[in-house]
Amino acid sequence: MPVPDVKERYSGSVNQVTIGATAEQGGSRTSTVTIGGETGLPMLSFEADYPHPPAFALEVNTAGADDWHGEVRKHVSDVADDVEKWAAQCEEWGADLVMLDLTAAHPDRGSRSPQECADDVKRVLGATGLPLIVWGTDVNDVDNNVLPKCTQAAAGENCLFGTAKDDNYRTLAASCLADSHKIIAEAPSDINLSKQLHILLRDVGVGLKDIVMHPTCGALGFGMVYIYTTIERGRVAALSGDALMQTPVVVNLGKEIGRVKEAVSPADENPQWGDLAARALLWEAATAICYVQAGTELLIMRNPEALQQAKAAIERIWPQPGADS
Amino acid sequence: MFVIGERINGMFTEVRKAVESRDKGAIQRLAQRQLAAGADALDVNVGPTRGKAVDNMLWLIEAVQEVTHAPICVDTPKFDVMEAAVRACRNPTIMNSTKASPAELDRFVPLAVETGCRLIALTIDETGVPRDVDGRVTMGATIVTKAMEHGLAMTDLFIDPVILPVNVAPKQPAAVMGAINQLKLISDPAPMFVLGLSNVSQNCKERSLLSRIYLAMCIGAGLNAAIMDALDEELMQAAITAEVLLEKQLYCDDYIAAYMSSR
């Protein structure tokens, strides 16, 4: 009796999105990163193609790392007062991209001016050849003043800017269109809102192939399952042909790890949990690996050692082209 | 929902005139209008046109193929016309249709397998249309058995449980839904189900409303496809909405626009 063919064949695939531009492409990056292109659910090499492995970014924060958890801060404390040094160090640590978080522009964190933020962007671009992600403050009015200056400062570099939300997307969309950047569409763990936001962005002229979606993020043990299922359901829709859901996924997970008790509680508080340094590192690495298995293409992390571990683990299990099919 | 546009049919005066005067542009405009309105495939039926049926069918198919790669649903009961047509089709092809009698199935199913076409099979045999659920299920089982015997995949087989006008056969709409339900239960994998939808409201006053509500009810019962008027905007919207309510499409506030632009 023949073995039945149980392979799933989907009509859709995930869009391929490239971040960064080299000198020939009008920018100054020494490398670019392309994500997406999968034709099936993650890690099923016998039935789908995976042209690009997931990409890993490290966070550089304009407000420094004073409020970061000690186990992560200890890695970056030497460079945390200088975004240039920090960004250059990310390259050393093995990141594929740098994510510049503009926290210092937040009203509670110093209200750094739009021009100063734009200068930060320029300095980071000068300090590293990696492609750049720029993340706003999540305060709509601030973002609408700061981000347009930053997209201008990075014109030609094909960065990824975020985030656009359903109640605040027009300004960032217009800026990204004007300065040719990719855009992050953020809908908190809401797949229907995510789809709607993609329609709204398309209606103001943003190409669906220039969008990366951010379903927001919860760390392992802190709501990760909700985001996991959101990503998975969206991916099934995408593969089934829903063009509006075919955008790749970014998850900004580094900042979430510090919220989980198991990742931050000292060893003398919970001796049965073991060494804190190893726990904090593993918590971030394991969270990243789980998100890759959900279908995430771009991961933003804080702990450089966790990034290295997650990257190495994914390299070991990532389907090689033509391995089984 | 797989929507097969019904308008290229010689029963419509404009189509009959276009075929008889070989007005390709009129057919091509009708093809493109239906596709733009949401049709996934186009039914092509020469109807009561003058001239040889096979010549008219081949001319219609060529006219459609010049402007689209969309699947063509070759609509004829005559085997010789069907065979000539499917061999002339470059677009993906659906044979519409065969009856459920074994002798007919033994001719049409092998042709579908040989030419790589999908096939619509009606629950009609020499005794006519069954009056109840059981009759349809029996014929449906015959169709599935014959398809498996000849090697036609269930994903390539559409069963049409044949709907009759509600004004002359009021028990039939419920019987058709019952048959879809039962046939889905007894066959694994199940075939696809299609209806010539407009028949339900033939000669009724509220045609559009009847077709629209019945389509939504049938989608709920498991209908996968319909040969229908894709140019009826409210009918298309009912189909899309029914699929959203069954979570076959992902909801968002502008789900109609999302569906139309996602195709």
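Remember, it's a predicted structure, so these values are computed and weren't measured experimentally. Letters go in sequence order (proteins before strands), and every chain restarts at 1. Atom set for the values below is all heavy atoms of this structure, side chains included, hydrogens, waters and symmetry mates excluded.
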By side chain to side chain contact (heavy atoms under 4.5 Å, CB included) - contacts of B/D75 (at least two apart):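 B/D43, B/N45, B/N96.
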Just wondering, more than 12 heavy atoms not from [X] lying within 6.0 Å of its [atom1]?
| X | atom1 | value |
| --- | --- | --- |
| B/K99 | NZ | no |
| B/R33 | CZ | no |
| B/M148 | CE | no |

message: Quick check on A/L244 against chain B: is it the side chain, the backbone, both or neither that has a heavy atom closer than 4.5 Å?
response: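 For A/L244, heavy atoms of backbone and side chain both lie under 4.5 Å from chain B.
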Within residues 222-260 of chain B, residues adjacent to chain A where the heavy-atom gap is under 4.5 Å: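 Those residues of residues 222-260 of chain B which have a heavy atom under 4.5 Å from chain A are B/E247, B/L250, B/Y251, B/C252, B/D253, B/D254, B/A258.
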- request: Using a heavy-atom cutoff of under 4.5 Å, enumerate the residues of residues 202-226 of chain A that contact chain B, numbered in order, or state 'none'.
  value: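 Heavy-atom contacts from residues 202-226 of chain A to chain B are A/R202.
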query: Among residues 157-188 of chain A, which ones touch chain B with a heavy-atom distance under 4.5 Å?
result: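 Listed by number, there are no contacting residues, so the answer is none.
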